[in-house]
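Reading through the structure tokens given below for one structure.
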Amino acid sequence: NEHLLPVELSAGSITSCLANRPGDPIPGIYTFGTIGTAVELVFVPQFNWFMPKLPANAVELTLPAGTTAIASALNSSGVTNLFVSGSAGLSVFVPGNQGQGAVPVVVVTNALAMGASQLAASTNGGQTAVWGVNAQGGLFYVQCAEGSEGEATAWSAPVPLLPSVEGFAFYLNLNAGSNVLFANID
């Protein structure tokens with residue numbers, strides 16, 4: 001089943017991550033990218049649930065100013081929080097705020113979290129964590145209790161982990177109940 005995008009985006013600018021919104025019968029994909037000076041963020045279901053032979057209806061989300069990266073995290077209820085980095089810091093579209101035209105909540109305004117070029121997120125063991133590479137190339141980490149992602153006061157201050165990285169990845173070590181982080185250091 002083809003997964004056509006309802007928006008035009010430039011090759012090389014596209015970031016996608018898994019999505020599962022509450023109340024939707026099927027999961028989908030969040031897609032972020034640019035074309036020219038236009039920046040777009042859409043949710044597209046895996047397929048059109050009601051008419052599978054027709055393209056799925058997309059939902060456009062409102063981006064904060066200066067959006068640079070996205071990441072999603074599946075919570076213990078099976079739905080996703082969508083994290084967005086922009087010029088004001090780290091924002092989140094909580095599961096109940098992902099409809100047409102939804103606006104995210106800014107949750108971390110510290111300069112370490114502004115304008116991240118890469119984000120990753122995870123919810124595990126009652127905690128939600130977000131890692132990012134900020135505008136200066138430094139790797140940072142923030143966390144909060146699961147279920148309080150939309151509350152700015154619930155988030156920790158960003159913790160700088162490494163001053164200069166080219167990229168990073170993590171995996172969940174479910175046996176140890178921890179995250180393992182890999183970073184490519186400049």
Side-chain angles (χ1 to χ4, degrees), residues 3 14-32 41-46 59 61-64 67-86 88-100 102-110 112-134 138-162 165 167-184:
H3 195 82
I14 300 169
T15 303
S16 296
C17 50
L18 297 178
N20 196 25
R21 302 182 318 157
D24 284 351
I26 54 171
I29 297 176
Y30 302 111
T31 302
F32 164 70
L41 176 60
V42 295
F43 163 79
V44 181
Q46 190 175 12
V59 173
L61 303 172
T62 304
L63 288 167
T67 298
T68 52
I70 66 169
S72 65
L74 190 68
N75 68 23
S76 62
S77 298
V79 293
T80 48
N81 284 290
L82 175 62
F83 298 95
V84 180
S85 180
L90 184 67
S91 300
V92 63
F93 290 93
V94 295
N97 182 37
Q98 296 180 13
Q100 184 67 33
V103 177
V105 176
V106 179
V107 291
V108 179
T109 58
N110 187 294
L112 279 176
M114 295 177 180
S117 61
Q118 184 181 357
L119 286 179
S122 169
T123 299
N124 184 34
Q127 294 288 313
T128 295
V130 178
W131 296 266
V133 177
N134 64 24
L139 181 63
F140 70 91
Y141 168 85
V142 293
Q143 71 171 6
C144 74
E146 180 181 0
S148 59
E149 291 87 355
E151 301 169 27
T153 57
W155 287 88
S156 67
V159 176
L161 300 176
L162 292 167
V165 299
F168 72 96
F170 75 94
Y171 79 92
L172 301 175
N173 183 339
L174 297 177
N175 290 334
S178 63
N179 295 307
V180 178
L181 180 68
F182 298 93
N184 184 8

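Sequence positions, counted from 1, serve as the residue numbers for this chain.
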Practice prompt. Indicate yes or no for a side-chain donor-acceptor contact from Ser85 to the backbone of Thr68 under 3.5 Å, with no hydrogens or angles considered.
Written response: no
Worksheet item: Are Pro64 and Val84 close enough that some pair of their side-chain heavy atoms sits under 4.5 Å apart?
Response: yes
Practice prompt. Only one of Ile70, Leu41, Val103, Asn81 passes side chain to side chain contact (heavy atoms under 4.5 Å, CB included) with Phe93; say which it is.
Written response: Leu41
Item to complete: Using the test side chain to side chain donor-acceptor pair (under 3.5 Å), find all partners of Asp24 that sit at least two apart in sequence or belong to another chain.
Response: Arg21
Fill in: Contact summary for Asn97 and Ala102, nearest pair of heavy atoms
OD1-CB, 3.3 Å
Worksheet item: With Leu74, which residues qualify under side-chain contact (heavy atoms from CB on, under 4.5 Å), at least two apart?
Response: Asn20, Thr80
Worksheet item: Closest approach of Ala19 and Tyr30, non-hydrogen atoms and distance?
Response: CB-CE1, 3.2 Å
Worksheet item: Mind checking whether Leu112 and Pro160 have side chains closer than 4.5 Å, heavy atoms only?
Response: yes
Worksheet item: How far apart are the closest heavy atoms of Ala73 and Thr123, and which atoms are they?
Response: CB-OG1, 3.7 Å
Worksheet item: Would Phe170 and Trp131 satisfy ring pair (Phe, Tyr, Trp, His ring centres under 6.0 Å), going step by step from the backbone distance to the final call?
Response: CA-CA 9 Å; Phe170 75 94; Trp131 296 266; 4.3 Å; yes
Which donor-acceptor pairs under 3.5 Å do side chains of residues 139-150 form with protein atoms, sequence neighbours excluded?
unit_1, atom_1, unit_2, atom_2, d
Tyr141, OH, Gln143, OE1, 2.8
Glu146, OE2, Ser76, N, 2.8
Glu146, OE2, Ser76, OG, 2.6
Ser148, OG, Ala145, O, 2.7
Glu149, OE1, Gly147, N, 2.9
Glu149, OE2, Thr128, OG1, 2.5
Glu149, OE2, Gly147, N, 3.3

Fill in: Taking every non-hydrogen atom, the tightest pair across Gln118 and Gly167
OE1-CA, 3.6 Å
Item to complete: State, with a plain yes or no, whether a side-chain heavy atom of Phe168 is found less than 4.5 Å away from one of Leu162.
Response: no
Fill in: For Ala71, side-chain contact (heavy atoms from CB on, under 4.5 Å) partners two or more places apart
Leu119, Ala121
Practice prompt. Evaluate side-chain contact (heavy atoms from CB on, under 4.5 Å) for Leu181 paired with Leu161, printing each intermediate quantity in order.
Written response: CA-CA 10 Å; Leu181 180 68; Leu161 300 176; 3.8 Å; yes
Fill in: Where Val165 and Ala183 come nearest, the two heavy atoms and their spacing
CG1-CB, 4.1 Å
Worksheet item: Heavy-atom distance under 4.5 Å between the side chains of Leu61 and Pro104, does that happen here?
Response: no
Practice prompt. Could you list the residues that satisfy side-chain contact (heavy atoms from CB on, under 4.5 Å) with Ser16, not counting sequence neighbours?
Written response: Ile14, Ile29, Thr31
Worksheet item: Any side-chain heavy atom of Phe32 sitting closer than 4.5 Å to one from Leu63?
Response: yes
Practice prompt. Using a 4.5 Å cut-off on heavy atoms from C-beta on, say whether the side chain of Ser91 contacts that of Val106.
Written response: yes
Worksheet entry | Side-chain donor or acceptor of Asn134 paired with backbone N/O of Gly115 under 3.5 Å | no
